[in-house]
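Here's the structure, in structure tokens; my notes come after.
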There are 2 protein chains.
Amino acid sequence: MLDNRKKRILQAIIEEYIQTAEPVSSGMLSKKYDLNFSSATIRNDMAELEYANFLDKPHTSSGRVPSGKGYRYYVNELLKDNNITKEEMQYIKLKLEQKVNEIEDLTKIATSTLSEMTHYTSLAIGGTAISHNIEDIKFVLLGNRVLMAVILTDGGLIKETIIKFNADITEEQVRNINQIFNANLRGKSLAKIDKPMEEYIVSEMSYELQIIKPIIEQINEAILQNDDIYLEGTNRIFEMPEFKSYETARNFLNVIDTKELIKELLNTGQDEGIHISIGDENQYIELKNFSLITFKNIVEGKEMGTIGIIGPTRMDYSKVVSIIKYMLKELNE
Amino acid sequence: MLDNRKKRILQAIIEEYIQTAEPVSSGMLSKKYDLNFSSATIRNDMAELEYANFLDKPHTSSGRVPSGKGYRYYVNELLKDNNITKEEMQYIKLKLEQKVNEIEDLTKIATSTLSEMTHYTSLAIGGTAISHNIEDIKFVLLGNRVLMAVILTDGGLIKETIIKFNADITEEQVRNINQIFNANLRGKSLAKIDKPMEEYIVSEMSYELQIIKPIIEQINEAILQNDDIYLEGTNRIFEMPEFKSYETARNFLNVIDTKELIKELLNTGQDEGIHISIGDENQYIELKNFSLITFKNIVEGKEMGTIGIIGPTRMDYSKVVSIIKYMLKELNE
DNA sequence: CGTTAGCAGTCAGATGACAAGAGTGCTAAA
DNA sequence: TTTAGCACTCTTGTCATCTGACTGCTAACG
């Protein structure tokens, strides 16, 4: 589709633009990159690349800027994903090997490390427990009317939730509940805790509905809940020249400040692997000047959370993807 | 110290400046506010107010702008703290009456409500449990080597923490630990869980140190821990004209993005009541263009968290203080 | 036929001059 | 003590001009 020289030129333009954020000129390319063609030749190719919509031109007499299509081609065809140094690898390893008590802490560390290394804003959300199996479930009575349920999953997630009752609960009842739930649920998928389960316990075990119902409801909520959003490096945005403009910076902050939007961005169904969404490709217009790179941290089929990087379309895809790939590998241990 | 007319003029200037963010001129004052003096008279007073450092002048031929000292005088002497409408009161009531499972959720709601109503960025940190007494403490074994401690305080705080062991723990041991801790600690202040307590349990009750030590350590950490920072309305900053300047906006974001700084700001020892820190008064130079209004939510002597508002020095102190006062009253129920 | 030198044309951005407008400070009179 | 009036100051916006960085095109070259 594109001949070799055009590919090289496109690549050079994109990489140059990623670095400088300035429109790239033909003269610059022929000098700085050793393409061994005169600026005139490059100019001809640039004109064709522009005609084919890989490049844009801010105005008649300016250099070229990559278009969305250009970035997409670059990401799909030209991207090197081993753009990572030994030092960077070691640093990631070091960070991820910290002792943590809960999986969520690991997600937090990964998020901040990612932002630190890429210099972009990173965001993450904890995983729901829906894909996990129950390893242990315990109920604890706190005071007389407050019950806490603690669920340990085989993925190592710990979800706790509080259930409040209108009447006193006895220790005896707690023991019963503990026994019923463990007998029925241990080893089972958390997706199993639902209405039929509630009915089963109430009818088969003839246990009071007004106790079981709120428990099941709360546990279900806790399993599906992933409201904890981690955001790291919001201020990084100011390191990029394109955000010197008040409007773009404001726009960015508006996106970042809308928790529901972030939640949606990260939760939107995506399977394993790294997902890249460039400019216009994003499903929200607010993000049309941004690129989003996200990945689910899935360990042995169990979802642990979703992490993402958000930055200008002029993002250093190569660096970010390389770092994420390595990080994913490390997270699997 | 200041005669009546000067006070009125100072107040008018500050209130006008808070609204418009533009230097205030003598002509404007004599027209818009019914001071019944000519602009020349007002001009004379303004010159004196400037000489006494209550006002600044951006340049020779411009209107006046309040100085730090001016704001401080305004806040101390001229501020009306009942600047709140019935609708606003109702709205606060409505928000705070939502059913919540944990105190932290209440702090979260208060924070977002505050930001929403004042149009400034609000921030908060959960309280440590140090000022609380233990109402109940429970240990739950999750798997074989993971113990979870759940502490319920008389203030209604629930703190949970995870303790990992290198060797298996038996259910028998858990029962023992439960009994020992409840026997020794129920009703006592959480500040009591420390080294001496550890030694006491180990020597008097002759219980193994390698089990008790990590438990006490972790519990202590959990009591003192208040890492959860809530931030609401970061993007509000862009609603203020003074932050159209790239530098100030960037500066603001840098502050907001530094979790340690926020933690410090909110945790810095302050007793009951509303604390106002204006511009230069802030102990961090990064904040010299900002004002910070903070208050601890203390219910019956028990700390529940600290909430704050951060905005330009040109902040609507009257509105913010009025809202906070009412909110504090409501939070005490 | 692909490549290149050379040149005219285009446009953004910087610079400086200039006028308008908003305020002040000061003086003299009420 | 207050006020009208006027000269002076400084910011802001506008406009014209200039410079430099590119491109596109044409004609020549290997």
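Sequence lines set the chain letters: A, B, ... in the order given, protein chains first and strands last, and positions in each chain run from 1. Just so it is clear, the model here is predicted, and its values are computed rather than measured.
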Applying a 4.0 Å non-hydrogen cut-off, can you work out what Ser39(B) is touching in the nucleic acid: base, sugar-phosphate, or nothing?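 Since no nucleic acid heavy atom lies under 4.0 Å of Ser39(B), the category is nothing.
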Quick tally for nucleotides 24-30 of chain D: nucleotides whose base has a protein heavy atom under 4.0 Å get B, sugar-phosphate-only ones S, the rest -, giving BB-----
Would you say the rings of Tyr120(A) and Phe290(A) are close, in the sense that their centroids are separated by under 6.0 Å? no
Taking only side-chain N and O atoms of [X], does any of them lie within less than 4.0 angstrom of OP1 or OP2 on [N]?
X: Arg5(B); N: dT1(D); result: no
X: Ser61(A); N: dT23(D); result: no
X: Thr41(B); N: dT3(D); result: yes

With sequence neighbours excluded, what pairs up with [X] under the side-chain contact (heavy atoms from CB on, under 4.5 Å) test?
X: Lys259(B); answer: Glu232(A), Ile229(B)
X: Asn254(B); answer: Asn235(A), Arg250(B)
X: Lys7(A); answer: Leu2(A), Tyr73(A), Leu78(A)

Under 3.5 Å, which donor-acceptor pairs do the side chains of residues 11-23 of chain B form with other protein atoms, sequence neighbours left out?
from, atom 1, to, atom 2, distance (Å)
Gln11(B), NE2, Glu15(B), OE2, 3.0
Glu15(B), OE2, Tyr74(B), OH, 3.2
Glu16(B), OE1, Lys32(B), NZ, 3.3
Glu16(B), OE1, Tyr33(B), OH, 2.9
Glu16(B), OE2, Lys32(B), NZ, 3.3
Thr20(B), OG1, Glu16(B), O, 3.0
Thr20(B), OG1, Glu22(B), N, 3.2

Keeping Ser318(A) on the side-chain end and Asp81(A) on the backbone end, is there a donor-acceptor pair under 3.5 Å?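 Side chain of Ser318(A) to backbone of Asp81(A): no pair is present.
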Ser122(B) (side chain) donor-acceptor with Thr111(B) (main chain) under 3.5 angstrom: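 Confirmed, Ser122(B) side chain pairs with Thr111(B) backbone.
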Please give, in whole Å, the distance from [N] [atom2] to [X] [atom1]?
X: Leu55(A); N: dC22(D); atom1: CG; atom2: C1'; result: 15 Å
X: His59(A); N: dA21(D); atom1: NE2; atom2: C1'; result: 8 Å
X: Leu29(A); N: dC22(D); atom1: CG; atom2: P; result: 10 Å
X: Glu16(A); N: dA21(D); atom1: CD; atom2: C1'; result: 15 Å

In terms of heavy-atom contacts, does NZ of Lys69(B) have more than 12 from other residues, nucleotides or ligands at under 6.0 Å? yes
Quick check: on DNA chain D, is the nucleotide nearest Gly63(A) upstream (toward 5') of the one nearest Phe37(B), or the reverse? Name the residue that is more 5'.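 So the residue in question is Phe37(B).
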Can you give me the first and the last nucleotide of DNA chain C (5' to 3') that has an atom within less than 4.0 angstrom of a non-hydrogen atom in chain B? dG23(C) to dC26(C)
side-chain hydrogen bond (donor to acceptor under 3.5 Å, both in side chains) between Tyr71(A) and Ser291(A), intermediate numbers included: CA-CA 10 Å; Tyr71(A) 284 121; Ser291(A) 278; over 6 Å; no
